[in-house]
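What follows is one structure encoded as structure tokens, with my remarks underneath.
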Amino acid sequence: MKKFRLILSVLFILPLIFVSVVSADEHDEDADTPPIGFWEECETPQNLPDELTIGAIFGLSEAVAVYGIAQRQAVELAVAEVNAWGYLGEGVTLRVQFEDSAGNAQQAIAAMEKLVVEDGVLAVLGPTLSTEAFAADPIAQENGTVVMGVSNTAIGITDMGDFVFRNSLPEEAVIPGTVEQAIDALGLERVGVMYGDDDDFTISGFDVFVDALDDNEIEILSVETFARGDRDFSSQLTSLIARNPDALVVSALAAEAVQIIIQAREFGYDGPIIGGNGFNSPAVLDQSGEDAEGVIVGAAWNIGDPDPEPSSEAFQQAFVEEYGVAPDQFAAQAYTGAWLFATAIRCADSDDRADIRDALAAIEDFPSPLGLYSFDENRDPVHDPIAQIVFEGAFLPLASVIEGAAESDE
Amino acid sequence: MDGILLQQIVNVISLGSIYALFALGYSLVFSVLGVLNLAHSALFMWGAFIGLLVTDRLEMPLWVGLIAAMIVTGLLSVLLELIAFRPLRKRGAARIAQLISSIGAAILLVNIAQLLFIRVYNRVEAAYPRGLVPRQPIIIEELGLRITPARLIVVIAALVVMILLQYLVTRTSLGQQMRAVAFNQRTASLLGINVNYIFLMTFFLAGALGGLAGVLYALITNVVDPFIGQNIALIGLTAIVLGGMGSINGAVLGGFIVAGIQIISIDTVGSSYRDALVFLLLFAILLIRPQGILGQPESTRA
Amino acid sequence: MLVLENVSRHFGGLQALSGVNLRVEPQRVVGLIGPNGAGKTTLINNISGLDHPSSGHILFDGQPIHRRAPHRIARAGVARTYQNIRLFGEATTFENVLIGQHGQGRASMLEAIAFWPSFRREERTLRERARELLAQFDLMDVADVPAANLPYGAQRRLEMARALATNPRLVLLDEPTAGMNPSETRALGEQILRLPQMGLAVLVIEHDMSLIHQVCDEVYVLNFGQIIAHGTPAEVRDDPVVIEAYLGKE
Amino acid sequence: MDFLIEAILSVVRPIGITEPVLQFMLVNAILGISMYLLLRTGMFSLANAGFMAIGAYVSVLLTKELDFALGAALVVAVIVCALIALPIGLPVLRLRDIYLAIATIGFGEVVRIFFLNVDNMILSYLNTFQDAGLRRYELVGGGRGVRNVERLTETWHLIVFLIVIIFLLTRLQRSRFGRAMVAVRQDERVAANMGINVVYVKNMVFVLSAMLAGAAGVFNGHLTRIVTPEMFGFDRAVDILAYAVLGGTSVWAGPIVGGFVLTALPEVLRRFNEYRGVFNGLVLLLVIVYLPGGLINPQGWRKLWASARRRLTGQPAQPEAGGG
């Protein structure tokens, strides 16, 4: 029996070895990265200690890891660049202490307490989910430490206090413009709506969509819901498509968005699908392929801008080089967040947390991948959202595609 | 509206097939051992994952991925029996303890998968190659019906597996031994049946079924991540209890009923109340018929 | 005291009891014998409330009890033992007896939690009485041993002690000597004979005819769910119908 | 009290247990006890995540909307839980084992879905019957939850509450009712023949357990500052079960230690970074496999020690006292 067990253990280990072999294609290390937009407004700091630590709370395990892992990768990339280029001065190293919150309010609180009170970090990025932010951010506020959400889109996040920032555009900043442009371009009258009813992000998106549709006097034929983690939408889609909508309006995160797009096409729907920030992921293109044609997305970050900001381009190149996959909006915002912290520390020229807060709030027109970036007086982001459409396998600005179409019509 | 109704029936069949396939393995372990293996959903995920590695990384055809996934999850399942179930059974521990150890095993399996995902893909999700199955839906114009080849494969696979399993359990000597062990372990061992061997075979079979279900599920949804098992775990549990624990036909029936209620409720009371309706019905059925629709009354189970 | 009138019980097509009439008077020991499968345990289950008759009446002290819940029948004064010993194995010998006394406690949960004097007094009395019972059945030495770890004979005795702990007026004994050797059986018989002196009535199912002769005042014979004979042990032993029932089975 | 808490924290802080973690450990210990009561009576119910949700929502609405003090909200919430547990328990507790478990999971899911949709239900009521013409109605915020809840729970509240519960529990266990619980677990039918009202005992325990879970929900809601339906799903139900089973159900200390350990474990394991989850699963698995009676189970430790010594010294085992 002993021997039998041994054989079994070996059989178990074999697939693991196999996986290790499969995964052996390592990328090359090379530091030949183009410089991102240094913020020249501030002098190279003189008064910083040799090592500075910021914290980051992301969902690195459980289902939220789908977003959290990309966030960690983006922050690691940004910090490596900051250090490589001596952004904080010669010999000054910026370190990031990552903590996992597992998408869970309790763990987010524990992680925030650890970072802010025990480890005494200068500032904290995250947490990934808005729910976690409502639970954990007050700890940072009470301890006078800046916390910056890089994926919190819920209403009221920054109302928690003057140390609470975010660089993620809330849905109400993104969606109304998209809806208007889409209506203008496509002449919509009747739409079907679908949203995830158990998640802050998708509910917010839904509310904003409904308001925008109402404001434009568009008829909502029917509203269907789903839950996070659902993968079969056949029934909801069957029922929506049967009503012959001019467009499907969907508030979903990327994982659900992909399935909704694919399955809508399977049911023979070939009209436009309008989505929010959650659709703004290369995964949508990768995984739904030609089915994604005609998907319209309001987004904080333009993935496929043919004329991108230099820093956006640099970020994408660096990310692909480092990790072999294209970054999504979550990564872009996390990356920008880390750069914003580094810039605030550089400008504050101090490791005092209140100074860092003030320097962060004062940042204006920072050339980030998200565009020229500033905070408003509520510590919410100010940069232009963009309406994009998937056209011939790429995200393009909706406006340019419509113009192009108009010109070719003439 | 008839077209919609027909289409929804087709949707029920395709969704129900997935649930049924998942529930079969779950149910098999329960019927033979009388314990719930909450790590079954992790095996399901591993099946999808191995299928992904074989078809995507090794660029092998789908059938190779299917077989590889079934073998690996079968072995993982056997390992689970050896590590998480057998020692407890030997000590005569409560069944609840076995349930918790299976949760521990599930956490372990999911986290190992996550580490491997990051190592292989640099993220925790990846998609099956798009060319594995033709994607053009089969359209029956007169009836307004559409079904994709992937879903058709799942329905056929579920049918074949159900028939094979039924044959295995009722007609083969292994199946007879399994039923004997399920009825009474002591008596079975007195009859000269190697009970431990039957347990291992049961776990292998259940694991392989879980793995198969995982690959087929991934064929429909394309995308795999370490957490795909978590959403189906509760549905699977509901299906086997509804259909009748320890009954193979019950697991299948339960899977279809759950899918049916979900889809009907989306069309009637709205999608928000979908799962509430499933559980209310479950509630009602348990109160009227505690052993489930096709289950044996409690007294006949040892 | 206990009267069964025309009691029938069928499970689907199987007639386990049909038209059983039976009486147990106070301070009498009544035997119930019959071949295996005759329906003896079903009868006891019906009296003690674990099962309910399909038709007929069971009266205890003139009150119908055949629809009552088992705990109410127990509190009315009917106790029983089981053919296959069913002790609370994880609880100690002493605790088993204490559990048997459940129906006699009056203190409410709140009194217990508040450790009220009435509760303490009651606990003291119950514990004293439990100790007496243990002494009576020679179980004092094993008072703190989990019941599952007791030797077989002690388990049998504990079942009796626990049944008596419910303070019954009628005790139903379901094959109390199963698995005992002759000397143990005789000793248990003496214990049973003491019960009528304590004012109890006894209904005992038994295979061991020597015990029946030792303890019973009268005997009922059950076969295929029907009473086929009734009389003193000696009368019953010589009844040709009874002999045929037993021999026919052989 | 503050001094005591500070002293405890100074000992456990180096291994990663800060005050919030300690607070959640205490909350989960209460949940562990609520499960322990059920298991001790032989009921495999997974309804307590649902009752926790009810406790949390009711109390949070009271303190936030009606300015109740925490204590008053606690009392009301616990009573609400009891009132809901009663009609649920009567039909459901006739079920056993896995059937009871799944029916109670169903209850938990229905509670969760109720809180997800209650705003919309009220909205459609207002618009249909009152002609309110509202576009939106927000009471519990659906999937977004109730936010900006004041953090009213203090560590000492939890410590005092737990001590009181332990005191009452030990009293209860030594009473007639406590003995009846044990009897019902071991053999329901025999217990009934002993004059124990099995239905009453089971329902009473179910209600008591629901009240404890509700209280834990009250404390938890006023610690996390936000209450969402997702906090009380299937995973939470299973966690609560794990506290009791991992800690052991032979004595009351078991579920408390179980709650402590399972809450502290992920925090203590933070140093392992990405391997944290692997170790978490491994520890759970190993403890259950090698100590099947749970962490607080003298007999289990004795057996383990005996077998370890046997392996180490190669000597045959001493015959064990008490056997079994």
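This structure is a prediction, so every number in the text was calculated from the model and none was measured. A, B, ... follow the sequence lines: proteins, then strands. Residue 1 opens every chain.
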So with a 6.0 Å cut-off around CD of Glu217(A), is the heavy-atom count from everything else above 12? no
Is there a side-chain contact between Val117(A) and Thr18(D) (heavy atoms, below 4.5 Å)? no
With rounding to the nearest 0.5 Å, note down the distance linking CD in Glu267(D) to CD in Gln107(A). 5.5 Å
Please state whether the side chain, the backbone, both or neither of Pro229(D) comes within less than 4.5 Å of a heavy atom of chain A. neither
Less than 4.5 Å apart, any side-chain heavy atom of Arg136(D) and any of Asp211(A)? yes
Relative to chain D, which segment of Gln97(A) carries a heavy atom at a distance below 4.5 Å: side chain, backbone, both, or neither? neither
Considering only heavy atoms and a distance below 4.5 Å, find which of Gly156(A), Ala111(A), Ala227(A), Gly103(A) pairs most often with chain D. Ala111(A)
Checking heavy atoms, do the side chain of Leu223(D), its backbone, both or neither come under 4.5 Å from chain A? backbone
Side chain, backbone, both or neither: which part of Glu118(A) has a heavy atom under 4.5 Å from chain D? side chain
When the 4.5 angstrom heavy-atom criterion is applied to Glu132(A) and chain D, the contacting part is neither
What do the steps show when you test Arg147(D) against Asp200(A) for side-chain contact (heavy atoms from CB on, under 4.5 Å), and what is the final call? CA-CA 11 Å; Arg147(D) 298 148 170 196; Asp200(A) 196 302; 2.3 Å; yes
Using non-hydrogen atoms and a 4.5 Å limit, figure out which bit of Arg236(D) sits close to chain A: side chain, backbone, both or neither. side chain
With a 4.5 angstrom heavy-atom cut-off, could you sort out which part of Met160(A) is near chain D: side chain, backbone, both or neither? side chain
Any non-hydrogen side-chain atom of Ile109(A) less than 4.5 Å from a side-chain atom of Phe24(D)? yes
Report which part of Asn28(D) has an atom under 4.5 Å of a heavy atom belonging to chain A: side chain, backbone, both, or neither. side chain
Which residue out of Asp199(A), Asp214(A), Val210(A), Leu60(A) racks up the most heavy-atom pairs below 4.5 Å with chain D? Asp214(A)
Using non-hydrogen atoms only, which part of Ser204(A) is less than 4.5 Å away from chain D: side chain, backbone, both, or neither? both
Interatomic distance, CZ@Arg13(D) vs CD@Glu113(A), rounded to 0.5 Å, equals 8.0 Å
Would you call Arg135(D) and Asp207(A) a salt bridge, taking side-chain N to carboxylate O under 4.0 Å as the test? no
Distance from Ile113(D) atom CD1 to Asp197(A) atom CG, nearest 0.5 Å? 9.0 Å
To the nearest 0.5 Å, tell me how far Gln23(D) CD sits from Gln106(A) CD. 10.5 Å
Does any backbone or side-chain atom of Arg151(D) lie under 4.5 Å from a heavy atom of chain A? Answer side chain, backbone, both or neither. neither
Does Arg144(D) reach the main-chain N or O of Thr131(A) with its side chain, forming a donor-acceptor pair under 3.5 Å? no
Quick check on Ile203(A) against chain D: is it the side chain, the backbone, both or neither that has a heavy atom closer than 4.5 Å? both
Cut-off 4.5 Å, heavy atoms of chain D, and the answer for Ala108(A) is neither
Does OH belonging to Tyr290(D) count more than 12 external heavy atoms closer than 6.0 Å? no
Max heavy-atom pair count under 4.5 Å with chain A, selected residue of Glu230(D), Arg270(D), Arg225(D): Arg270(D)
Assert top hit (heavy-atom pairs under 4.5 Å, partner chain D, pool Pro138(A), Ala154(A), Ala136(A)) equals Pro138(A)
Part of Asp159(A) within contact of chain D (heavy atom distance under 4.5 Å): neither
Measuring only between side-chain heavy atoms, which start at C-beta, is Asn273(D) closer than 4.5 Å to Phe98(A)? no
Heavy-atom contact with chain D under 4.5 Å, split by part of Asn104(A): neither
Where on Thr224(D) is there a heavy atom nearer than 4.5 Å to chain A: the side chain, the backbone, both, or neither? both
Give me the atom names and distance for the closest heavy-atom approach of Leu116(D) to Asp198(A). CD2-CA, 3.7 Å
